[in-house]
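The structure presented is a predicted model; accordingly, all values stated were derived computationally and were not measured. The analysis underlying the following values was restricted to heavy atoms, covering all of them including side chains, and did not include hydrogens, waters or symmetry mates.
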Amino acid sequence: MRATLYSLSVSPPGHSARMMLERKGVETKVVDLLPGMHPVYLWARGFRRGTVPAVRFDNGRRVETSCAISRALDELVLEQPLFPADPARRAQVEEAERWGDVVLQNLPRQLIRYALANDSELRTWFAREVAHVPLPSVAAALNAPVARLMTRRAGADEAGARSALATLPSALDHVDALIADGTIGGEDPNAADFQIVTSVRNLMDMEDTAPLASGRPCASWAEGMMKGYKHLPSVGAIRALRS
């Protein structure tokens, strides 16, 4: 089986989908899209939501969102199941996966989108290191309205970013608890592992939030599952929230 994964290079759920495809042994072509323009690209290819991650399997089936991809993979490839067979255990994994998707994933997203809308240096870094466009400082200035639009859509204003920053310690406590009770962090990673680990790793690789994860069980777990994630520099807009 082969698949094409449409994603963004800094998207945690995109990395979740990539890791699940690898786990299932699906030969995958990864297409990293240009941030901000990706909805149009995906709509043109028959995806309804216009969000990443999106997968097109070689049988023509299209699937969007990491949670839908995990279920589709278990339907299409029986080996290396992403969900336990036991109903009670499956319910635990599904709930942890849902929490990782709805709650945890949104915390770094709020911070990054707020920072992109309010920090020209970060937009310049993003244009140079992620989008790889020429004249990154010019692109940063031109992309300011797009960054502000994405911020509004995500509710990532200053109040939202402050709330996300304040919620991070309890969210990381919850990840540590999921590891402690065996829901995630076992020998055979499940859908919740893949959903949650990318957001933890994202927080570890943001200089402004890395100290919150340092020394925790979830940090060593995430380091073991993921290496080489793109490092986000310290951002003035986020530093200001912490002061």
Side-chain angles (χ1 to χ4, degrees), residues 5 7-26 28 30 52-53 65-71 73-74 77 79-86 88-112 164-234 238:
L5 169 63
S7 186
L8 302 174
S9 63
V10 292
S11 166
H15 285 285
S16 298
R18 175 184 57 78
M19 294 168 70
M20 288 189 289
L21 286 158
E22 290 177 357
R23 174 72 175 172
K24 286 289 192 174
V26 177
T28 304
V30 179
V52 296
T65 79
S66 53
C67 291
I69 290 168
S70 65
R71 286 152 180 78
L73 282 170
D74 262 10
V77 183
E79 294 78 13
Q80 305 288 4
L82 296 170
F83 294 94
D86 177 72
R89 287 278 296 124
R90 181 182 178 107
Q92 289 178 321
V93 170
E94 288 181 332
E95 173 55 26
E97 181 193 36
R98 186 207 63 78
W99 176 83
D101 178 48
V102 175
V103 179
L104 180 63
Q105 180 190 133
N106 200 43
L107 301 180
R109 177 187 291 155
Q110 295 274 85
L111 292 171
I112 291 171
L165 197 59
T167 303
L168 282 177
S170 62
L172 292 171
D173 285 344
H174 187 60
V175 179
D176 286 342
L178 291 172
I179 293 172
D181 70 16
T183 301
I184 60 175
E187 184 176 344
D188 294 317
N190 57 51
D193 282 90
F194 292 118
Q195 181 66 52
I196 292 170
V197 71
T198 54
S199 291
V200 175
R201 183 72 214 196
N202 198 190
L203 292 167
M204 291 168 60
D205 289 322
M206 294 169 60
E207 288 186 15
D208 298 290
T209 56
L212 297 174
S214 180
R216 288 176 172 269
C218 63
S220 58
W221 164 71
E223 177 64 32
M225 284 192 68
M226 293 186 70
K227 293 180 173 63
Y229 205 83
K230 187 172 286 292
H231 191 77
L232 187 70
S234 185
I238 297 178

>> Please find the pair of heavy atoms, one from T183 and one from A96, that lie closest to each other, and give the distance.
In response: CG2-CB, 3.8 Å
> Can M226 and M19 be said to form a side chain to side chain contact (heavy atoms under 4.5 Å, CB included), step by step?
Replying inline: CA-CA 9 Å; M226 293 186 70; M19 294 168 70; 3.7 Å; yes
>> Distance check, rounded to the nearest 0.5 Å: I196 atom CD1 versus L104 atom CG?
In response: 6.5 Å
> Would you call V30 and H15 a side-chain contact if the rule is heavy atoms closer than 4.5 Å?
Replying inline: no
> Which heavy-atom pair separates Q110 from A164 by the least distance, and what is that distance?
Replying inline: CB-CB, 3.9 Å
> Picking from L203, D205, T198, what satisfies side-chain contact (heavy atoms from CB on, under 4.5 Å) with P108?
Replying inline: L203
> How close do V52 and S11 get, heavy atom to heavy atom, and via which atoms?
Replying inline: CG2-OG, 4.0 Å
> Is there any ring pair (Phe, Tyr, Trp, His ring centres under 6.0 Å) pair reaching into residues 184-208, and which pairs are they, with sequence neighbours excluded?
Replying inline: none
> Taking C-beta and beyond as the side chain, do C218 and I179 meet within less than 4.5 Å on heavy atoms?
Replying inline: yes
>> Show the nearest heavy-atom pair for residues G185 and D193, with the distance to one decimal.
In response: N-OD2, 2.8 Å
> Going by heavy atoms in the side chains, are V93 and P84 under 4.5 Å from each other?
Replying inline: yes
>> Can you give me the closest heavy-atom contact between P169 and R216, atom names plus distance?
In response: O-NH2, 3.4 Å
> Between CE of M20 and CZ of R71, what distance do you get to the nearest 0.5 Å?
Replying inline: 9.0 Å
> After noting the C-alpha distance and the side-chain angles of E22 and R18, does the key distance pass the salt bridge (Lys or Arg N to Asp or Glu O under 4.0 Å) rule?
Replying inline: CA-CA 6 Å; E22 290 177 357; R18 175 184 57 78; 3.2 Å; yes
> Are F83 and L73 side-chain neighbours, meaning at least one heavy-atom pair lies under 4.5 Å?
Replying inline: no
>> Is a donor from one side chain sitting under 3.5 angstrom from an acceptor on the other, for S70 and Q195?
In response: no
> Between CD of Q92 and CG of L178, what distance do you get to the nearest 0.5 Å?
Replying inline: 9.0 Å
> Which value, rounded to the nearest 0.5 Å, describes the distance between L82 atom CG and D74 atom CG?
Replying inline: 4.5 Å
>> Nearest 0.5 angstrom please: L107 CG to T209 OG1, how far?
In response: 10.0 Å
>> If I compare all heavy atoms of E97 with all of A191, which pair ends up nearest, and what's the gap?
In response: OE2-CB, 3.6 Å
>> Go through it in stages, so that I can follow the logic: the residues are I238 and M206, the test is side chain to side chain contact (heavy atoms under 4.5 Å, CB included), and I'd like the CA-CA distance, side-chain angles, deciding distance and then a yes or no.
In response: CA-CA 10 Å; I238 297 178; M206 294 169 60; 3.9 Å; yes
>> Could you tell me if the side chain of I184 sits less than 4.5 Å from the side chain of V197, heavy atoms only?
In response: no
> Going from CG on D208 to CG on L111, what distance comes out if it is rounded to the nearest 0.5 angstrom?
Replying inline: 8.5 Å
